[in-house]
Amino acid sequence: MTDILDELAWRGLIAQSTDLDALRETLAQGQAAVYCGFDPTARSLHVGNLVPLLILRRFQLAGHRPIALAGGATGMIGDPSGRASERVLQTLDVIGQNVQAISGQLERFLDFDDGPNGAKLADNLDWLAPMSAIDFLRDVGKHFPVNTMLAKDSVRSRLDAGGLSYTEFSYMLLQSYDFLELLRREGCSIQVGGSDQWGNITAGIDLIRRTEGRPAHGLTVPLVTSATGEKFGKSTGGGSLWLDPELTSPYAFYQYWINTDDRDVEQYLKKLTFLGREEIEAVVAQGVERPQDRIGQRRLAQELTTLVHGQAETDAVEAASQALFSRDGDLSVIEERALAGALAELPGMHVDLGAAPSLVDLLTGTGLYASKGEVRRAVAQGGAYVNNERVTDADAAVPEQAWLHGRFLVLRKGRRSLAAVTRGGSRDNEQSNG
RNA sequence: GGCAGGUUGCCCGAGUGGCCAAAGGGAGCGGACUGUAAAUCCGCCGGCUCAGCCUACGUUGGUUCGAACCCAACACCUGCCA
């Protein structure tokens with residue numbers, strides 16, 4: 001077993017922890033179980049969830065046993081931590097679906113084999129749902145002094161900001177009980193989470209000490225922030241960068257990392273990939289020398305896209321990016337098959353052979369622009385392109401010779417947002433390629 | 001339950017009867033410059049069949065030639081009191 005704590009430390013992945021020496025000792029005694037919870041607030045995890053999720057994997061690689069908990073029950077309550085205002089409760093239906101979806105994603109990042117350190121998936125609905133309110137108040141609530149709860153950051157900041165409901169105030173009791181339950185069921189005495197989870201984690205440790213008289217440990221990972229202070233993992237449109245390929249295409253996912261600010265590359269490589277120390281240092285050194293080659297960005301994009309979407313997707317996306325970005329000029333020289341493959345990775349639309357849509361229709365139809373008004377503005381400012389040629393008249397029809405290989409158009413917005421239009425009976429060709 | 005205050009475009013926030021598609025900031029988008037980076041400068045930033053029209057300032061109804069702005073009811077949020 002490698003020393004996982006040293007590993008996490010040099011990667012900058014430890015924000016806060018309980019007694020590190022005691023934790024080190026526990027880990028040294030042999031295989032330990034480590035748990036991290038994920039709230040089903042959406043139907044997919046996003047890259048923000050990736051850091052703690054990968055921590056579980058790092059523990060597994062170091063020989064320990066990870067437990068990923070999908071908060072089927074806590075998701076119904078709403079965690080006040082890190083939130084400025086009360087959450088709107090989601091319907092049980094939606095939460096159930098989210099738990100399903102998220103559980104499926106969690107499974108892909110950990111090894112669930114029967115080995116001694118095979119991962120486990122848990123849902124706190126299993127033990128919280130059967131519990132009565134009276135049992136809960138007597139067995140759990142009794143161990144929580146309200147004055148301590150009020151002192152927690154998550155509660156105090158909300159009190160300052162106008163208050164919170166009893167529902168959310170109770171959240172930390174539920175999460176604490178999860179920890180206790182996992183200790184009893186799985187012998188799990190270590191919980192990891194985002195830094196906003198510190199209050200909840202320590203509350204669980206207190207509960208365990210009071211009920212079981214045993215020590216437990218907590219570790220939080222820092223909130224990842226970009227150099228410009230923007231929220232990490234927000235796509236350029238402002239939305240989250242989802243792990244679900246239906247919500248964020250692998251192409252968009254890859255592009256996000258390719259566009260990483262130079263200043264963030266090193267910390268992202270450390271925190272989000274499994275590359276070793278020497279390799280990261282080498283990549284960073286090359287980046288300092290030849291920043292224009294974007295070696296670090298490329299490496300980051302490759303590693304993460306492969307981790308989330310698999311090697312095959314990465315290869316496809318990378319080929320597409322190269323074909324479309326490496327030459328600013330003539331797209332018609334790209335051979336048909338390569339172009340077809342590249343365009344398949346882009347958001348796009350299909351039109352019938354006989355149709356004669358105007359450029360505005362295509363530019364909005366592919367989702368590249370939200371409205372026709374936006375297209376008009378972009379054209380006036382010179383920010384819309386078809387096959388790398390600037391559009392001057394949005395209402396013009398597409399000239400026949402513009403169709404690459406008779407059936408493709410590459411639409412571009414600004415420097416780097418691309419979309420594809422295909423026409424005619426291209427379905428057969430695409431299938432024969434795949 | 002009572003009293004007071006609030007609800008404005010993606011977010012914050014000004015506006016208190018016509019000059020309001022609504023100041024200012026942030027976010028976002030485009031252009032120039034670059035390296036699909038950052039910084040900087042310039043422009044844009046509700047929709048459309050775009051010199052015009054339509055929809056919008058919590059909801060519904062009213063006053064008025066005319067309402068984000070006045071009145072009423074309702075909903076929600078906040079504070080104080082019970």
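Every chain is numbered from 1, with letters handed out A, B, ... down the list of sequences.
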### Message
My understanding is that a pair needs two contacts under 3.5 Å, Watson-Crick or G-U wobble. By that rule, which nucleotide pairs with B:A73?
### Response
B:U59
### Query
Quantified in whole Å, what is the C1' atom distance between nucleotide B:U7 and nucleotide B:G13?
13 Å
#### Entry: Partner nucleotide, any strand, of B:C45 [Watson-Crick/G-U, under 3.5 Å]
none
### Task
Mind checking the CG-NE2 spacing from A:L20 to A:H217? Nearest 0.5 Å is all I need.
10.5 Å
### Message
Strictly by Watson-Crick or wobble contacts shorter than 3.5 Å, is anything paired with B:U16, and which nucleotide is it?
### Response
none
### Query
Which value, rounded to the nearest 0.5 Å, describes the distance between A:L368 atom CG and A:L346 atom CG?
9.5 Å
### Task
Look at A:S321 and B:U36 and indicate whether a side-chain polar atom (N or O) is within less than 4.0 Å of OP1 or OP2.
no
### Query
So what does A:Q297 hit on the nucleic acid, given a heavy-atom distance under 4.0 Å: a base, only sugar-phosphate, or nothing?
base
### Query
Given that both distances must come in under 3.5 Å, which nucleotide forms a Watson-Crick or G-U wobble pair with B:G79?
B:C3
### Task
For B:A68, give its Watson-Crick or G-U wobble partner with both distances under 3.5 Å, or none.
none
### Query
With rounding to whole Å, what would you report as the distance between B:A4 and B:C57 at their C1' atoms?
23 Å
### Message
Using the P atom as the point on both nucleotides, what is the distance between B:C76 and B:A68, in whole Å?
### Response
25 Å
### Task
Between A:R298 and A:S371, just flag the one whose closest nucleotide in RNA chain B comes earlier from the 5' side.
A:R298
### Query
Does a side-chain N-to-carboxylate-O contact under 4.0 Å join A:R423 and A:E400?
yes
### Message
Strictly by Watson-Crick or wobble contacts shorter than 3.5 Å, is anything paired with B:A38, and which nucleotide is it?
### Response
none
### Task
Using atom CG of A:L363 as one end and atom P of B:G30 as the other, report the distance to the nearest whole Å.
13 Å
### Task
To the nearest 0.5 Å, tell me how far A:M349 CE sits from A:L409 CG.
10.5 Å
### Summary
Out of B:C48, B:G35, B:A38, minimum distance to the side chain of A:D262 belongs to B:G35
### Message
By nearest atom, which of the nucleotides B:A38, B:G35, B:G47 is closest to the A:Q292 side chain?
### Response
B:G35
### Query
Touch check for A:R377, heavy atoms < 4.0 angstrom, all strands: base, sugar-phosphate only, or nothing?
sugar-phosphate
### Task
Classify the nucleic acid contact of A:R376 as base, sugar-phosphate or nothing, counting any heavy atom under 4.0 Å across all strands shown.
base
## Note on the structure
The answer to which of A:G373 and A:Y254 contacts RNA chain B further toward the 5' end, by nearest nucleotide, is A:Y254
#### Entry: Closest nucleotide among B:A38, B:G35, B:U36 to the A:Q255 side chain
B:U36
Nucleotide N/O to protein N/O under 3.5 Å, stretch nucleotides 31-34 of chain B:
residue	atom	partner	partner atom	Å
B:G31	OP1	A:Y385	OH	3.4
B:G31	O3'	A:R390	NH2	3.4
B:A32	OP1	A:R390	NH2	3.4
B:U34	O4	A:R415	NE	3.4

### Query
Among A:T260, A:D262, A:D261, A:D264, whose side chain to side chain donor-acceptor pair (under 3.5 Å) with A:Q297 holds?
A:D262
### Task
With P as the reference atom in both, quote the distance from B:C53 to B:U59 in angstrom, rounded to an integer.
24 Å
Which protein N or O atoms sit under 3.5 Å from an N or O of nucleotides 40-42 of chain B?
none

